[in-house]
Amino acid sequence: MSIINTSYVEITTFFLVGMPGLEYAHSWISIPICSVYLIAILGNCTILLIIRTEPSLHEPMYYFLCMLAMSDLGLSLSSLPTMLRIFLFNAPEISSNACFAQEFFIHGFSALESSVLLIMSFDRFLATHNPLRYSSILTTVRVTQIGIVFSFKSMLLVLPFPFTLRSLRYCKKKQLSHSYCLHQDVMKLACSDNRIDVIYGFFGALCFMVDFILIFVSYILILKTVLGIASKKEQLKALNTCASHICAVIIFYLPIINLAVVHRFAQHVSPLINVLMADVLLLVPPLMNPIVYCAKTKQIRVRVVAKLCQRQLYN
C-alpha cells in the first residue's frame with residue numbers, strides 16, 4: 001500500500017472469496033472443483049485432437065466446434081489460478097494488476113464463446129435452409145476469416161476494461177464477491193468516479209444480449225424452414241442436427257441470466273448463493289460442452305470410442 005495523501009490509502013491488493021461460511025471445508029471442496037477443471041480441459045483437448053486428426057471432420061460445423069472448445073479452454077485456464085489458490089492453499093489475495101488481467105481474459109473468452117455460439121446458430125440455419133450450397137458458401141478460407149474477425153471483435157470489446165479499472169482509485173473496500181475477478185465486481189470497490197466503467201459495462205452486457213437475441217431469431221428461422229419440410233422424418237433429422245448447439249446455448253446463457261437476475265432483484269440473498277452461481281458460470285460450460293457434443297454428435301462419439309478402444313488394444 002502506498003499513501004497518496006492524508007485522506008485515503010490506495011489499495012493495491014484485493015481479496016477473493018471461496019465459499020462463505022464453509023472456509024473450514026475448502027480443502028474438501030477443492031476435490032470436486034479440481035475434478036471439474038481436469039475433465040473440462042481433457043474433454044476440450046480431446047475435441048480439438050479428434051477434429052484435427054480426422055480428415056472427415058474437416059467441415060465448417062466442426063471448425064466452429066473447435067472455436068467453442070478453445071474458448072472453453074480459455075475460460076477454464078483464466079479462472080483456474082485463483083480458484084486453486086483459494087481452495088487448495090487458502091490464499092485469497094490477488095494483486096490489482098493480476099486481477100485486472102484476469103477479468104480481461106475471463107470477459108474476453110466469455111465474449112468469444114457468445115460470438116461462437118452466434119456463428120454456430122447461423123451455420124445451423126444455413127445448413128437447414130440451403131443445404132445444397134452450404135459447402136460452397138462456408139469454405140475453409142471463409143470459416144477461418146470469420147473466426148479471426150470474431151476473435152478480434154471479442155477481445156477488442158473487453159480491451160478497455162483493465163485500463164478503465166486501473167484508472168480508478170481504491171481506498172476503502174478490498175473484498176470482492178467471487179472466487180475470480182469480474183469487471184462489475186471490481187468497479188464497485190472504487191472510491192473515485194466510475195461512471196465510464198458503468199456505461200461501458202452496460203454496453204458490454206448489451207452486446208451479449210444482442211448475440212442471444214440473434215441466436216433466438218436464427219432458431220425462429222430454422223423452425224420456420226423445418227416446418228416447411230413435408231416429411232416428419234426429415235423434420236426430426238433437421239432438428240436433431242441443432243440439438244447439441246441448443247444445449248450449448250442453454251448451458252452458457254442460463255447461468256448468466258440467473259446471476260444477473262439475482263444481482264438485480266435478490267439483493268438480500270445469501271452470499272454463498274452468489275458465489276455458487278458465479279462459479280457455475282465458469283465451471284459448467286467448459287465441462288458440459290464436450291460431453292454434450294460427444295453424446296449428441298455421432299461422428300465425434302464414434303471416433304472418441306475408437307481412439308479409446310485403440311489405446312486399450314495397444315496397452
Side-chain angles (χ1 to χ4, degrees), residues 11 13-47 69 71-110 113 173-186 188-189 247-248 250-264 266-292 294-295:
I11 292 172
T13 302
F14 298 117
F15 287 88
L16 302 164
V17 297
M19 295 292 174
L22 298 174
E23 287 82 3
Y24 62 91
H26 274 183
S27 58
W28 291 104
I29 296 172
S30 67
I31 296 174
I33 288 178
C34 290
S35 300
V36 168
Y37 273 117
L38 181 62
I39 295 169
I41 292 171
L42 286 176
N44 284 290
C45 287
T46 301
I47 293 285
S71 64
D72 280 335
L73 275 174
L75 275 178
S76 293
L77 296 175
S78 297
S79 58
L80 180 63
T82 54
M83 295 281 275
L84 292 186
R85 277 170 55 86
I86 292 169
F87 292 104
L88 278 179
F89 306 110
N90 193 29
E93 66 277 359
I94 183 172
S95 69
S96 57
N97 287 334
C99 186
F100 302 153
Q102 185 185 48
E103 63 87 24
F104 166 76
F105 286 110
I106 288 176
H107 288 293
F109 283 113
S110 296
E113 181 144 348
K173 299 178 181 179
K174 53 184 177 180
Q175 181 70 58
L176 295 167
S177 306
H178 304 301
S179 304
Y180 49 85
C181 293
L182 291 176
H183 176 261
Q184 60 269 31
D185 197 20
V186 176
K188 291 178 182 178
L189 302 184
C247 291
I250 293 171
I251 289 167
F252 180 72
Y253 282 103
L254 188 60
I256 293 176
I257 294 170
N258 285 340
L259 188 62
V261 169
V262 167
H263 274 290
R264 180 65 181 86
Q267 297 177 353
H268 301 293
V269 74
S270 168
L272 180 60
I273 301 298
N274 280 331
V275 172
L276 282 173
M277 293 183 70
D279 289 349
V280 165
L281 181 65
L282 291 194
L283 289 173
V284 172
L287 170 70
M288 292 303 300
N289 284 338
I291 296 173
V292 167
C294 284

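In this chain, residues are counted from 1 in sequence order. These numbers were taken from a predicted model, which means no experiment stands behind them.
Between atom OG of residue Ser76 and atom CD1 of residue Ile106 there is a gap of 10.5 Å, rounded to the nearest 0.5 Å. Note: Ile33 CD1 to Asp279 CG = 6.0 Å, rounded to the nearest 0.5 Å. Rounding to the nearest 0.5 Å places CG of Asp185 at 4.5 Å from NE2 of His178. Note that OG1 of Thr46 is 11.5 Å distant from CD1 of Ile39, once rounded to the nearest 0.5 Å. Note that CD1 of Ile250 is 10.0 Å distant from CD1 of Ile257, once rounded to the nearest 0.5 Å. Here Ile94 contributes atom CD1 and Tyr180 contributes atom OH; the two are 13.0 Å apart, rounded to the nearest 0.5 Å.
The nearest pair of heavy atoms linking Thr82 to Ser179 is OG1-O, 3.1 Å. Of all non-hydrogen atoms in Val186 and Cys181, the two that sit nearest each other are CG2-CB, 4.4 Å. Nearest heavy atom pair, residue Val275 against residue Gly18, reads CG1-O, 3.0 Å. Nearest approach of Ala69 to Asn44, heavy atoms of both residues: CA-OD1, 3.4 Å. Taking each heavy atom of Pro285 and Ile251 in turn, the nearest pair found is CA-CG2, 3.5 Å.
Side chains of Leu283 and Met83 form a contact here, defined as non-hydrogen atoms less than 4.5 Å apart. Residues Gln175 and Val17 meet the side-chain proximity criterion, which asks for heavy atoms closer than 4.5 Å. Contact annotation: the side chain of Phe104 never approaches that of Phe109 to less than 4.5 Å [non-hydrogen atoms, C-beta and beyond]. With contacts defined as side-chain heavy-atom distances shorter than 4.5 Å, the pair Arg85/Asn90 does not qualify. In this structure, the side chains of Lys174 and Glu93 stay at 4.5 Å or more apart for every pair of heavy atoms. Looking at Leu182 and Glu103, their side chains never come closer than 4.5 Å, going by heavy atoms from C-beta outward.
Within the structure, side chain to side chain donor-acceptor pair (under 3.5 Å) pairs that include any residue of residues 16-35 do not occur (at least two apart or interchain).
Not a single ring pair (Phe, Tyr, Trp, His ring centres under 6.0 Å) links Tyr37 to another residue, sequence neighbours left out.
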- request: Begin with the C-alpha distance, continue with both residues' side-chain angles, and end with the deciding distance and a verdict on side-chain contact (heavy atoms from CB on, under 4.5 Å) for Phe15 and Leu176.
  value: CA-CA 6 Å; Phe15 287 88; Leu176 295 167; over 6 Å; no
- request: Start with the C-alpha distance between Ile41 and Cys45, add both sets of side-chain angles, then the distance that settles side-chain contact (heavy atoms from CB on, under 4.5 Å), and finish with yes or no.
  value: CA-CA 6 Å; Ile41 292 171; Cys45 287; 4.2 Å; yes
- request: I would like to know whether Cys34 and Leu84 meet side-chain contact (heavy atoms from CB on, under 4.5 Å); could you show each step before the answer?
  value: CA-CA 8 Å; Cys34 290; Leu84 292 186; 3.4 Å; yes
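Residues Ser78 and Gln102 bring no donor and acceptor atom of their side chains to less than 3.5 Å of each other.
The number of heavy-atom neighbours closer than 6.0 Å to OH of Tyr253, taken from other residues, nucleotides and ligands shown, is above 12.
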